[in-house]
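Proteins come first, then strands; the chains are lettered A, B, ... in the order of their sequence lines, and each starts at number 1.
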Number of protein chains: 2
Amino acid sequence: MTLEEVAKRARVSTATVSRVLNNLEVVKESTRRRVLQAVEELNYHPNLHARTLAGGKSRTIGMIVSNVSNPFFVDVFRGLDAAARERQYDVLVEHTDYKVPQLLESVRTMLGKRVAGLALIVSEMAPEVIAEIQSSELPTVVYDVGAPGPKITNLRVRYETGMQRIVQYLYSLGHRRMAFVGHHAGLSPLQVRKKVFLQTVKQYGREVECKTALNADSPAGGVEAVRELLQSPFRPTAVVCVNDYMAVGVLRELRAQGLSVPGDVSVTGFDNIEISEFTNPALTTVNIPRAAIGQMALDALLREDGAAGPREIMLDPELVLRDSTGPAPR
Amino acid sequence: MTLEEVAKRARVSTATVSRVLNNLEVVKESTRRRVLQAVEELNYHPNLHARTLAGGKSRTIGMIVSNVSNPFFVDVFRGLDAAARERQYDVLVEHTDYKVPQLLESVRTMLGKRVAGLALIVSEMAPEVIAEIQSSELPTVVYDVGAPGPKITNLRVRYETGMQRIVQYLYSLGHRRMAFVGHHAGLSPLQVRKKVFLQTVKQYGREVECKTALNADSPAGGVEAVRELLQSPFRPTAVVCVNDYMAVGVLRELRAQGLSVPGDVSVTGFDNIEISEFTNPALTTVNIPRAAIGQMALDALLREDGAAGPREIMLDPELVLRDSTGPAPR
DNA sequence: TTGAAAGCGCTACCAC
DNA sequence: GTGGTAGCGCTTTCAA
């Protein structure tokens, strides 16, 4: 089914059919009607590839995330998607499972699809990837990992601030033995998170002891991390998790080990994903405005090139106090 | 950056570049090398739209889901995606938020993108949509809602069986007052679920009372449903939820209302999504093989047309006993 | 083993 | 208002 067949049936030229389909208001109402009828009768659907090719521009935004199973990424996607729809764009998602080769492949696919913009909401990064997007001249927004370039906007959350707030809060509750549960030792943004935790703790001097455990980015990973933690004689009174998704597993395993939260151990998350409010006990965490990030990413991608707005956007996360934290046991 | 520029730089024709890029093994090693070098140097990425247009076939599978925030759908997506990658296909996802107009639009987008196959994992459906996919001749697999057609495979879970198992189990624990928490009263597959519950309960005679409450497909919807339920004098000893995602909110709100689970009230879910294992208490549910569904969907889509395999695939769900159910209080 | 050229289905420019 | 037509970047015969 092609434009030409429609044109034939409506007894007009392909140019006219194209005009009708694109709402170029220079078509006589009667012919317009005839065209639309033909379209209807033939059950015609314009070939979007041909359209993109001929028009030279695509109306899709690419988005690459590390882990579709972590609700954090889904929320950002929804924000981006909603904003994109408003402007008649659609969003193409790929996921990498935190693997650089997959990331590189996804970026190439996006480039091949000639997306109008690319949002990289990932924790992994590599020089090749940066080189690829830089030389592509594609408007890009990078969350968290950071990358330099004229067409690249960096969107970041002041992770240190969030961590600072968490540790300070726990300290004020009397906690002096803390543990950090994270994931993916190999990825620098995630190592940074761990380091930030360690440094923050260090501010409080030698009196605070700590330990870290890393596992997969999932509730199951949280479970494993707790098991690892409790294998040593070290007994933390607070477990600080790199994100809420892992914290869900941490809560579960602490309970399974007979520890009560927050009675024996306090637990904190990060992100403020939907379920963090529904865990038992509800999770104390740090809010990251996920939908807003999606929204801002779109704005950055679609803004006129002339507009020399900020190429670096910083967000300050806020503490969300709930029931998984309490005074340190004595 | 185009094929032609690459061809020029490598001093060959575009045809040859194309051959190299598609691994058509008839190119001399030396020229092949020259071409690849040019590709590299120019940072060339083939235009996938042009490729699809010229080749006449696409290597992407479309998938439409109702609610990306419900992990059930994400799990099916992962299954499909993994299977697709193995065969060098990629997956394009759209979501509808349970709205028929959005579904129709998404289907049209997929048709416009000339996807090689379409997986509809949705709970909403309408005659127009069915007509659209039927007349498109596109290989399609439909989960749950069902649709007739020569190129359409129906994939369904025997919902009645699962519900039967749940109710019977609760009955055997002594429960005689049950409530059903569901969502989207307007969508027939979801009404069916509710009806199945009511009918199943009816099998146990007049001695079992019940009540239903519907709200959004989310934990928050579960919370609201419980509030609605408890506004009446009816006091269920068991709450049967249409899915795990809502059950998370149900667990939360029962607790908030001072009821203990399973002490005062037993709760069941459906789907066996990842977090159902990590709630407190862990959720008794019914397993739906989500990843396998994605896998089967792909197989159905890519199978040779000649292969007259089953056009209807039925899955029998199994009960997963955990800690959110217990004897009815007396 | 390679090149020339005819499309693939559409948009957009130029005429009429 | 409408039609003719030259591409968009690629694949794929057909010849050489």
Side-chain angles (χ1 to χ4, degrees), chain A residues 1-39 42-60 88 108-116 136-138, chain B residues 1-36 38-39 42-60 88 108-116 136 138:
Chain A
M1 194 54 36
T2 71
L3 247 204
E4 195 165 346
E5 302 180 56
V6 176
K8 206 163 288 170
R9 185 172 243 271
R11 308 174 147 282
V12 295
S13 71
T14 59
T16 296
V17 177
S18 176
R19 287 182 188 111
V20 171
L21 261 32
N22 292 289
N23 287 312
L24 303 189
E25 299 293 345
V26 278
V27 187
K28 207 201 297 177
E29 189 53 28
S30 64
T31 58
R32 170 190 201 68
R33 221 185 291 291
R34 239 182 322 134
V35 170
L36 289 177
Q37 188 179 344
V39 165
L42 294 175
N43 199 255
Y44 167 75
H45 296 276
N47 184 319
L48 265 22
H49 301 292
R51 216 213 270 285
T52 304
L53 185 57
K57 52 211 161 198
S58 137
R59 291 197 77 82
T60 94
Q88 324 266 47
R108 293 197 168 131
T109 301
M110 295 295 185
L111 258 23
K113 295 205 174 172
R114 298 297 188 266
V115 294
S136 74
E137 305 258 286
L138 178 67
Chain B
M1 193 55 35
T2 72
L3 247 203
E4 193 165 347
E5 303 179 55
V6 176
K8 206 162 290 169
R9 185 172 245 270
R11 307 176 148 280
V12 294
S13 72
T14 61
T16 297
V17 178
S18 176
R19 288 183 186 111
V20 172
L21 259 33
N22 292 288
N23 287 312
L24 302 191
E25 300 292 345
V26 278
V27 188
K28 206 201 299 177
E29 189 52 30
S30 63
T31 59
R32 169 190 202 71
R33 220 187 293 288
R34 233 173 338 126
V35 170
L36 289 178
V39 164
L42 295 175
N43 199 255
Y44 167 75
H45 297 276
N47 184 320
L48 263 24
H49 300 292
R51 183 176 279 186
T52 304
L53 185 58
K57 53 212 160 196
S58 135
R59 291 196 78 83
T60 94
Q88 325 265 48
R108 294 198 168 129
T109 302
M110 295 295 185
L111 259 22
K113 295 205 175 174
R114 299 295 188 270
V115 293
S136 74
L138 178 68

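Taking B:R108 as the reference, A:H45, B:L104, B:E132 meet the side-chain contact (heavy atoms from CB on, under 4.5 Å) condition, with sequence neighbours excluded. Applying the side chain to side chain donor-acceptor pair (under 3.5 Å) rule to A:R32 yields the partners A:N23; only residues at least two apart in sequence or on another chain are considered. Partners of B:R33 by side-chain contact (heavy atoms from CB on, under 4.5 Å), not counting sequence neighbours, listed by chain and number: B:E29. Judged as a side chain to side chain donor-acceptor pair (under 3.5 Å), and not counting sequence neighbours, the contacts of B:S18 are B:N22. For the side-chain contact (heavy atoms from CB on, under 4.5 Å) test, residues two or more places apart in sequence or in another chain that qualify with B:A10 are B:V12, B:V35, B:A38. A:Q37 meets the side-chain contact (heavy atoms from CB on, under 4.5 Å) test with A:E41; sequence neighbours excluded.
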Does the protein touch nucleotides 7-14 of chain D at the base, only the backbone, or not at all? Give it as B, S and - per nucleotide, heavy atoms under 4.0 Å.
BBBBBBB-
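Close approach of DNA chain C to chain A, defined as any atom under 4.0 Å from a non-hydrogen atom of the protein, starts and stops at C:dG9 to C:dC13.
Where the helix from C:dT1-D:dA16 to C:dC16-D:dG1 starts and where it ends, the local axes point in directions that differ by 30°; five pairs per end, rounded to 10°.
The closest donor-acceptor contact from the side chain of A:H49 to the backbone of B:K113 lies under 3.5 Å.
At least one side-chain heavy atom of B:V26 sits less than 4.5 Å from a side-chain heavy atom of B:R19.
Surrounding CD of A:E5 are more than 12 heavy atoms belonging to other residues, nucleotides or ligands, all under 6.0 Å away.
Here side chain to side chain donor-acceptor pair (under 3.5 Å) pairs that include residues 51-60 of chain B, with residues two or more places apart or in two chains, number zero.
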